[in-house]
Protein chains: 2
Amino acid sequence: MLERIPAYTDAMLDEAGTLSDRVYRHLADRLIAGRFAPGDKLSLRAVSEALGLSIMPVREAVSRLAAEGALEVAPKKAVTVPLMRAAQFRDITQVRVEIEGFAAALACKANSPESLARIEAREREFRELSEQPQADLAQAVAANQAFHFAVYRAAGSAELLAIIERLWLRVGPIINLDLRENPERLRLGGAVQAHRACLSAIRENRPDAAREAIAADISGASAFILSRQRLLD
Amino acid sequence: MLERIPAYTDAMLDEAGTLSDRVYRHLADRLIAGRFAPGDKLSLRAVSEALGLSIMPVREAVSRLAAEGALEVAPKKAVTVPLMRAAQFRDITQVRVEIEGFAAALACKANSPESLARIEAREREFRELSEQPQADLAQAVAANQAFHFAVYRAAGSAELLAIIERLWLRVGPIINLDLRENPERLRLGGAVQAHRACLSAIRENRPDAAREAIAADISGASAFILSRQRLLD
DNA sequence: GGAAGCTAACTGTGATCACAGATTGCGGCA
DNA sequence: TGCCGCAATCTGTGATCACAGTTAGCTTCC
């Protein structure tokens, strides 16, 4: 059965594409949003029953997510959300700094009024959320994600966006687990500050500054998580 | 049936992991090596029969490759090797320049005697192959790939390597199709020159130069392919 | 009371069958 | 001779069944 994620039945599927596609999106969204924690187990049969399907579409969806490293499937054993070693997390952080930083710099150059407006809106939403004394963590995670992807989308590169999505698929469970256990980090405002710096860099067309801001945001969160020693090794 | 790739039966599978895994590696290797051309169709049943399996493992393998964009599968239609638009190719090239360039720079910093020796060996093999008047194209493609991945492997980042592999999965069919139609490009020596520059940059610990060399190699090949107008749009 | 061992339930993997939509090629008509 | 249309075949999708290895819980014995 599903561990730590009992409320699975409330989940409905979108209505686009094949059943496999829908299950894939369903699981991927939950992974990025941090609805799963590292080490969580799920079973093909349990998921398929909860969703009212046969296990076939679930199999394909899980298989794809496993190919992307978002899930781990060992033969004859339950599917698990991967645990991550500190070294691996450092590695992925370094890659994220480079790639997401690049996307931010591109977003600067491609700067259009519409995408700038979208980024501003997301920045404001996240800032207002973190200023609340009792912020809803799930909302905050979603708002943070929305801001980042507004920036990355503004870069105008579908390839880059797909790569970044896959990276978030991997780090989603970890970042969320961290924030859930350390809600005070939200109030420290490191993220808010980085977002603001990124926004003004994009406004003023300074690609290097935008890259730096995103890099600082990612590195800051990563350093905090690593300092908490919740990862293997 | 398989178009343009009649000799499918000669292919054997490796012996590791589940059947799905083996089929995946089998198809992925052939995609990277350029054994498929854009637009090629393949059928789950044809592949499974050629490999002597049921269609289940093939389904899963194809499903994973489709998730990575290496294959396209439209419901009720044959699986195809994706055609690529010029704009998309430009996009992917820009991403490759950034990411593979970054990997080359990392390889510089991580510089170990063993990996340097491996890179040198691959550089020599590719150079000698291109100097031959009647070079075997398939061999040359493989040698080029071997050189690049020797560099990327030296970067010491598993995450980066996985991302780059996925990128090559996408561009493999196109690069190979190009080289097959323009074998003279090999003799022009742009690649040989870039490889040599990259190698000495790594030897002399100059990350920016290594990045530049890889970027020049990728951009050069990309510009040539785009100039040939074989892509859509 | 506690630990070891066995059994029953659960795991993913693979094969086979059924189905609906797409494709293709052949036959007939103009 | 050339084109249109129908039918047989091929496509991926999904469900169900069988199987072998894993896991976990219960019983039994010390």
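Every chain is numbered from 1, with letters handed out A, B, ... down the list of sequences. Keep in mind it's a predicted model, so treat the numbers as computed, not measured.
- A salt bridge links A:Arg170 with B:Glu159: at least one charged nitrogen is closer than 4.0 Å to a carboxylate oxygen.
- The side-chain contact (heavy atoms from CB on, under 4.5 Å) search around A:Val97 returns A:Thr93, A:Ala215, A:Ile218, A:Ser219, not counting sequence neighbours.
- Within the structure, ring-ring contact (aromatic ring centres under 6.0 Å, His included) pairs that include any residue of residues 150-169 of chain B comprise B:His148-B:Tyr152, B:His148-B:Trp168, B:Phe149-B:Tyr152, B:Phe149-B:Trp168 (at least two apart or interchain).
- Of all heavy-atom pairs between A:Ala86 and A:Leu226, the closest is CB-CD2, 4.0 Å.
- Only A:Lys76, A:Lys77, listed by number, bring a heavy atom of residues 70-80 of chain A to less than 4.0 angstrom from any atom of DNA chain D.
- As a whole-Å value, the separation of B:Arg64 CZ from D:dG12 P is 18 Å.
- With salt bridges taken as basic N to acidic carboxylate O contacts below 4.0 Å, none links A:Arg25 and A:Asp21.
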N/O to N/O distances under 3.5 Å, protein versus nucleotides 14-18 of chain D:
| unit_1 | atom_1 | unit_2 | atom_2 | d |
| --- | --- | --- | --- | --- |
| D:dG14 | OP1 | A:Leu19 | N | 2.6 |
| D:dG14 | OP2 | A:Ser20 | OG | 3.1 |
| D:dG14 | N7 | B:Arg59 | NH1 | 3.1 |
| D:dG14 | N7 | B:Arg59 | NH2 | 2.9 |
| D:dG14 | O6 | B:Arg59 | NH1 | 3.4 |
| D:dA15 | OP2 | A:Ser54 | N | 3.2 |
| D:dA15 | OP2 | A:Ser54 | OG | 2.3 |
| D:dA15 | O5' | A:Ser54 | OG | 3.3 |

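- The salt bridge (charged side-chain N to carboxylate O under 4.0 Å, His left out) pairs that include a residue from residues 68-91 of chain B are B:Arg85-B:Asp233, where partners are two or more places apart or lie in different chains.
- Although no hydrogens or angles enter the test, the distance criterion places no donor-acceptor pair under 3.5 Å between the side chain of A:Asn182 and the main chain of A:Glu184.
- A search for side-chain contact (heavy atoms from CB on, under 4.5 Å) contacts involving A:Val73 returns A:Ala66, A:Val79, not counting sequence neighbours.
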